[in-house]
Amino acid sequence: MLALDVRNLSKQYPNFQLRNVSFQLEQGYIMGFIGANGAGKTTTIKSIMNMIHTEGGEVHILGKNMAEHEIELKQEIGCAFGGIEFYTRSRIRTLTDAIKKFYTHWDDAVYRSYLSRFKLDETKKIAELSTGMKVKYSLALALSHGAKLLILDEPTSGLDPVARDDLLDLFQELVAGGEISILFSTHITSDLEKCADFITFIADGQIVKSAEKEEFKESYRLLNGDESQLSEVKDRMISYKVNSFGFTGLIRARDFDPSSSIKAATPSLEEIMIYFAKKEPAYV
Amino acid sequence: MNVSISSTSEKPIYQQLFEQISAQILKGELGSGYVLPPIRQAAQELRVSIITVKKAWEELERCGLINTVTGKGCFVAEFSPGEMLHLRNEMVLKQMERDISYYKSFGLTLEEVMELLKKIY
């Protein structure tokens with residue numbers, strides 16, 4: 001079954017548009033949602049959650065249409081946004097008591113276990129929490145009502161390496177049962193190299209590619225050669241840079257002849273993102 | 001079962017898993033009937049994606065090294081010493097092919113390669 005099925009989402013802003021965004025996430029897997037700042041990650045996530053009005057497209061969650069079953073489906077979704085601001089003067093305990101009333105399957109024991117795992121003190125006021133602590137608190141809220149689909153926007157941002165590692169561990173723990181699925185956006189690609197099963201890459205409001213991680217990386221080649229070899233591939237490259245040692249650049253695997261003498265390697269997710277970003281002139 | 005994964009290696013992780021486990025099976029360290037951990041559990045413990053483990057297990061099955069029994073798990077297959085030798089040689093040859101093409105790219109002759117191999121073996 002598909003945990004999440006996004007079809008042709010479109011959204012028009014004065015200076016930005018989301019164009020026909022489509023991708024699918026199978027139940028029980030982790031999908032990393034990557035893209036540069038301003039590529040449309042958060043807009044896509046907000047569209048999925050029906051938090052902004054879209055001009056076109058459909059979202060199906062766990063087999064049901066989000067537009068028709070929004071309230072029911074939101075019980076099944078755990079959602080957390082990076083940089084979210086809670087009402088700062090309240091204590092954690094007070095806020096949680098208000099929020100948990102919305103969820104029919106709220107589980108206090110689970111919530112307590114996350115508080116202790118994340119070392120959160122219930123009596124602290126939101127204003128007293130560090131950025132990382134706020135992220136952890138919003139995750140504790142997202143994980144405590146038995147959600148089957150977790151949609152997390154930049155959950156690892158603001159966390160130190162130890163906390164990030166612990167969080168990725170937790171993600172793998174959650175999907176191990178095969179019932180829970182996770183979509184999380186990030187630009188820290190090292191978080192995904194290990195634990196993500198699928199990668200969806202968005203650039204400039206359009207999905208560049210959504211595929212299984214290894215297949216995703218292998219559909220590109222990172223080339224390395226001297227300047228005389230550049231002319232051979234120049235017009236088919238996504239982007240490249242030239243220096244006194246030669247050139248390096250990214251090309252689609254299908255545009256590259258493997259018998260060529262140019263040195264080719266499988267790029268990392270980060271390299272793919274970087275070379276795509278170079279494709280278009282920088283914003284001025 | 002011993003597995004160590006390098007995330008900096010050029011080799012895809014499923015390939016590393018496959019190579020290390022197949023070597024242990026063919027050396028007889030993992031005897032026939034040995035139960036491999038379930039895919040999702042292995043992924044969690046190894047800190048790799050589920051699909052990575054799935055691919056490695058599938059590759060092992062395709063090579064006839066393990067059998068999957070639905071609902072029970074993956075078991076190391078049973079083979080005669082002859083079959084084991086055959087499978088082992090097949091894998092070693094595959095690796096040798098890759099190595100030889102590397103030596104050839106330096107223009108080395110077979111004699112020169114043998115000479116160098118003897119030095120470090």
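Please read these numbers as outputs of a predicted model, since none were measured by experiment. Convention: sequence-line order gives letters A, B, ...; per-chain numbering from 1.
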With a 3.5 Å cut-off and sequence neighbours excluded, list the donor-acceptor pairs that the side chains of residues 110-121 of chain B form with protein atoms.
unit_1, atom_1, unit_2, atom_2, d
B:Glu112, OE1, B:Thr109, N, 2.8
B:Glu112, OE1, B:Thr109, OG1, 3.2

Which distance, rounded to the nearest 0.5 Å, do you find between the OG1 of A:Thr266 and the NZ of B:Lys11?
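Between atom OG1 of A:Thr266 and atom NZ of B:Lys11 there are 13.0 Å.
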How long is the gap from CD1 on B:Ile50 to SG on A:Cys195, to the nearest 0.5 Å?
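So the CD1 of B:Ile50 and the SG of A:Cys195 are separated by 9.5 Å.
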Contacting moiety of [X], where chain B heavy atoms sit under 4.5 Å:
{"X": "A:Ala176", "result": "both"}
{"X": "A:Lys213", "result": "side chain"}
{"X": "A:Glu173", "result": "both"}
{"X": "A:Phe171", "result": "neither"}

Consider side chain to side chain contact (heavy atoms under 4.5 Å, CB included). Of A:Glu212, A:Glu215, A:Glu214, which one does B:Ile51 pass it with?
A:Glu212
Sequence neighbours left out, what passes side chain to side chain contact (heavy atoms under 4.5 Å, CB included) with A:Glu227? Give chain and number order.
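With neighbours one apart ignored, the set is A:Val242.
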Got a list of side-chain donor-acceptor pairs under 3.5 Å for residues 81-91 of chain B, not counting sequence neighbours?
unit_1, atom_1, unit_2, atom_2, d
B:Glu83, OE1, B:Ser80, N, 2.9
B:Glu83, OE1, B:Ser80, OG, 3.4
B:His86, NE2, B:Glu90, OE2, 3.0

Tell me whether [X] at atom [atom1] has more than 12 heavy atoms from other residues, nucleotides or ligands lying less than 6.0 Å away.
{"X": "A:Gln229", "atom1": "CD", "answer": "yes"}
{"X": "B:Gln95", "atom1": "CD", "answer": "yes"}
{"X": "B:Glu61", "atom1": "CD", "answer": "yes"}
{"X": "B:Met1", "atom1": "CE", "answer": "yes"}

Considering heavy atoms only, which positions within residues 12-43 of chain B lie below 4.5 Å of chain A?
B:Pro12, B:Tyr14, B:Arg40, B:Ala43
Closest contact, heavy atoms only, B:Ser49 versus A:Asp197
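Minimum heavy-atom contact is CB-OD1, 3.1 Å.
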Any side-chain heavy-atom pair of A:Leu168 and B:Arg47 under 4.5 Å
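Counting from C-beta outward, A:Leu168 and B:Arg47 do come under 4.5 Å.
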